[in-house]
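Written below as structure tokens is the structure these notes are about.
Please read these numbers as outputs of a predicted model, since none were measured by experiment.
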Amino acid sequence: GFGLCYFTQEMLAAMKNDSFIDKAVTISGSGNVALYACKKATELGARVVAMSDSTGCVYDEKGINFDVMRQVKEVERARISEYAKRVPNATYVDSGRAVWDYKCDIALPCATQNEIDGEIAKTLVKNGVTVVCEGANMPCTAEAVEIFQKSGVIFGPAKAANAGGVATSGLEMSQNSMRTSWTFGEVDAKLKDIMVNIFHTVNNAAKGFGREGNLVAGANIAGFLKVADAMKWQGVY
């Protein structure tokens with residue numbers, strides 16, 4: 001969740017000269033990725049207005065209260081409807097899909113594969129979304145991605161944007177190998193650097209191969225080049 005927001009923040013800065021500050025953000029899901037994307041987006045100045053689970057979604061115009069949401073979903077493992085019962089002015093809708101009906105500047109799908117189809121993509125575009133960044137594994141269908149790209153929405157693909165979990169696992173392995181222990185702040189700073197570097201690797205690959213602004217192409221190209229270089233180094237060809 002943190003890594004997703006670091007990638008999105010760098011994407012905003014580099015491609016729009018913008019940031020999370022004062023942006024309305026919608027996040028699907030309420031598991032680990034979604035919860036901590038909510039926490040980090042809020043810390044970066046955004047207002048997370050909606051979240052969901054498999055039973056429905058909640059809308060909180062003032063911004064989701066992370067502490068309450070964490071208590072409901074991570075501690076109590078309760079339905080997301082409990083959030084609306086505890087927070088004044090928050091509303092609950094008996095449909096997880098409805099989380100995409102609310103107006104937002106930034107959409108972070110963090111729930112499940114293929115959750116945003118062409119119809120939902122059109123709704124998001126109609127409602128003014130300018131940035132979509134994937135926190136789940138391939139939550140947007142190919143049709144949805146095409147709609148975003150044709151509409152000028154900046155789109156961050158999962159294979160780059162949600163690499164934070166694997167990156168942090170790598171940091172854990174490094175600590176084990178070195179027989180050392182970093183603080184939370186040190187790990188968080190290293191994660192941010194990794195996600196910033198991933199964005200620029202992807203963005204530069206897109207630019208270098210004539211696909212500027214297309215981060216899907218950039219991620220595919222950068223991934224292919226990394227594997228090809230590794231194979232060459234190992235003498236495979």
Side-chain angles (χ1 to χ4, degrees), residues 1 4-5 8-9 11-12 16 18-31 33-70 72-73 78-136 139-141 143-145 147-156 158 161-162:
L4 171 65
C5 288
T8 305
Q9 176 84 336
M11 188 169 70
L12 282 162
K16 290 177 65 68
D18 207 344
S19 71
F20 271 108
I21 296 175
D22 295 330
K23 300 297 188 299
V25 178
T26 298
I27 302 174
S28 64
S30 48
V33 177
L35 272 176
Y36 289 95
C38 173
K39 177 178 175 63
K40 183 54 65 176
T42 302
E43 289 176 356
L44 292 171
R47 182 168 47 92
V48 178
V49 296
M51 294 182 70
S52 64
D53 67 9
S54 60
T55 63
C57 68
V58 292
Y59 177 76
D60 192 341
E61 185 178 10
K62 293 183 178 179
I64 296 290
N65 183 314
F66 170 76
D67 291 333
V68 176
M69 185 63 77
R70 178 180 176 275
V72 169
K73 298 302 298 181
R79 300 298 188 187
I80 203 167
S81 55
E82 285 297 316
Y83 178 92
K85 295 176 183 178
R86 302 177 192 187
V87 177
N89 301 317
T91 57
Y92 171 75
V93 177
D94 189 19
S95 168
R97 184 183 175 95
V99 72
W100 303 122
D101 292 339
Y102 301 105
K103 289 187 176 182
C104 66
D105 302 300
I106 300 170
L108 303 177
C110 297
T112 189
Q113 185 172 343
N114 294 331
E115 60 175 294
I116 296 182
D117 56 19
E119 180 184 348
I120 292 175
K122 290 176 182 177
T123 298
L124 282 165
V125 170
K126 181 181 178 181
N127 285 340
V129 75
T130 60
V131 173
V132 176
C133 210
E134 295 183 313
C140 300
T141 65
E143 181 187 6
V145 174
I147 289 169
F148 291 140
Q149 291 177 327
K150 287 184 176 179
S151 301
V153 173
I154 298 176
F155 179 77
N162 76 357

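By the 4.5 Å heavy-atom criterion applied to side chains, Ile116 and Pro139 are not counted as neighbours.
Between Ala111 and Ser28, the closest heavy-atom pair is N-OG, 3.4 Å. Residues Phe148 and Cys140 come closest through the heavy atom pair CE1-SG, 4.1 Å. Ser30 and Leu35 get closest at one heavy-atom pair: O-CG, 3.5 Å. Pairing each heavy atom of Gly63 with each of Tyr83, the nearest pair is O-OH, 4.0 Å. Scanning both residues, Gly135 and Leu4, for their nearest heavy atoms gives CA-CD2, 3.7 Å. Pairing each heavy atom of Asn89 with each of Lys62, the nearest pair is ND2-NZ, 3.7 Å.
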(message) Using side-chain contact (heavy atoms from CB on, under 4.5 Å), reason through Cys104 and Leu124 one step at a time and then give a plain yes or no.
(response) CA-CA 8 Å; Cys104 66; Leu124 282 165; 4.1 Å; yes
(request) Could you please spell out the steps behind the side-chain contact (heavy atoms from CB on, under 4.5 Å) verdict for Asp117 and Arg97? (result) CA-CA 11 Å; Asp117 56 19; Arg97 184 183 175 95; 3.3 Å; yes
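Rounded to the nearest 0.5 angstrom, Arg86 CZ and Asn65 CG are separated by 11.5 Å. To the nearest 0.5 Å, atom SG of residue Cys5 and atom CD1 of residue Ile106 are 8.5 Å apart. Rounding to the nearest 0.5 angstrom, the gap separating the CG atom in Leu12 from the OG1 atom in Thr130 is 7.0 Å. Rounding to the nearest 0.5 Å gives a distance of 10.5 Å between CD of Gln113 and OG1 of Thr141. One distance of note links CE of Met11 with CG of Asp18; it measures 11.0 Å at 0.5 Å rounding. Going from atom NZ of Lys126 over to atom CG of Asp101 covers 10.5 Å, rounded to the nearest 0.5 Å.
A donor-acceptor contact shorter than 3.5 Å is absent between the side chain of Asn162 and the backbone of Glu134. Listed for the Ser19 side chain is a donor-acceptor partner under 3.5 Å among the backbone atoms of Ile21.
Under the ring-ring contact (aromatic ring centres under 6.0 Å, His included) criterion, the residue pairs touching residues 39-63 are Tyr59-Tyr102, with sequence neighbours excluded.
Taking the charged nitrogens against the carboxylate oxygens, Lys85 and Glu82 do have a contact shorter than 4.0 Å, which makes a salt bridge.
Under the side chain to side chain contact (heavy atoms under 4.5 Å, CB included) criterion, Val33 pairs with Cys110, not counting sequence neighbours.
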List the atom pairs, with distances to 0.1 Å, where a side-chain N or O of residues 42-55 and a protein N or O form a donor-acceptor pair under 3.5 Å, not counting sequence neighbours.
unit_1 : atom_1 : unit_2 : atom_2 : d
Thr42  : OG1    : Cys38  : O      : 2.8
Glu43  : OE1    : Lys40  : NZ     : 2.8
Glu43  : OE2    : Lys39  : NZ     : 3.3
Arg47  : NH1    : Glu61  : O      : 2.6
Ser52  : OG     : Gly29  : N      : 2.8
Asp53  : OD1    : Thr55  : N      : 2.8
Asp53  : OD1    : Thr55  : OG1    : 2.6
Asp53  : OD1    : Gly56  : N      : 3.1
Asp53  : OD2    : Thr55  : OG1    : 3.4
Asp53  : OD2    : Lys73  : NZ     : 3.0
Asp53  : OD2    : Ile80  : N      : 2.9

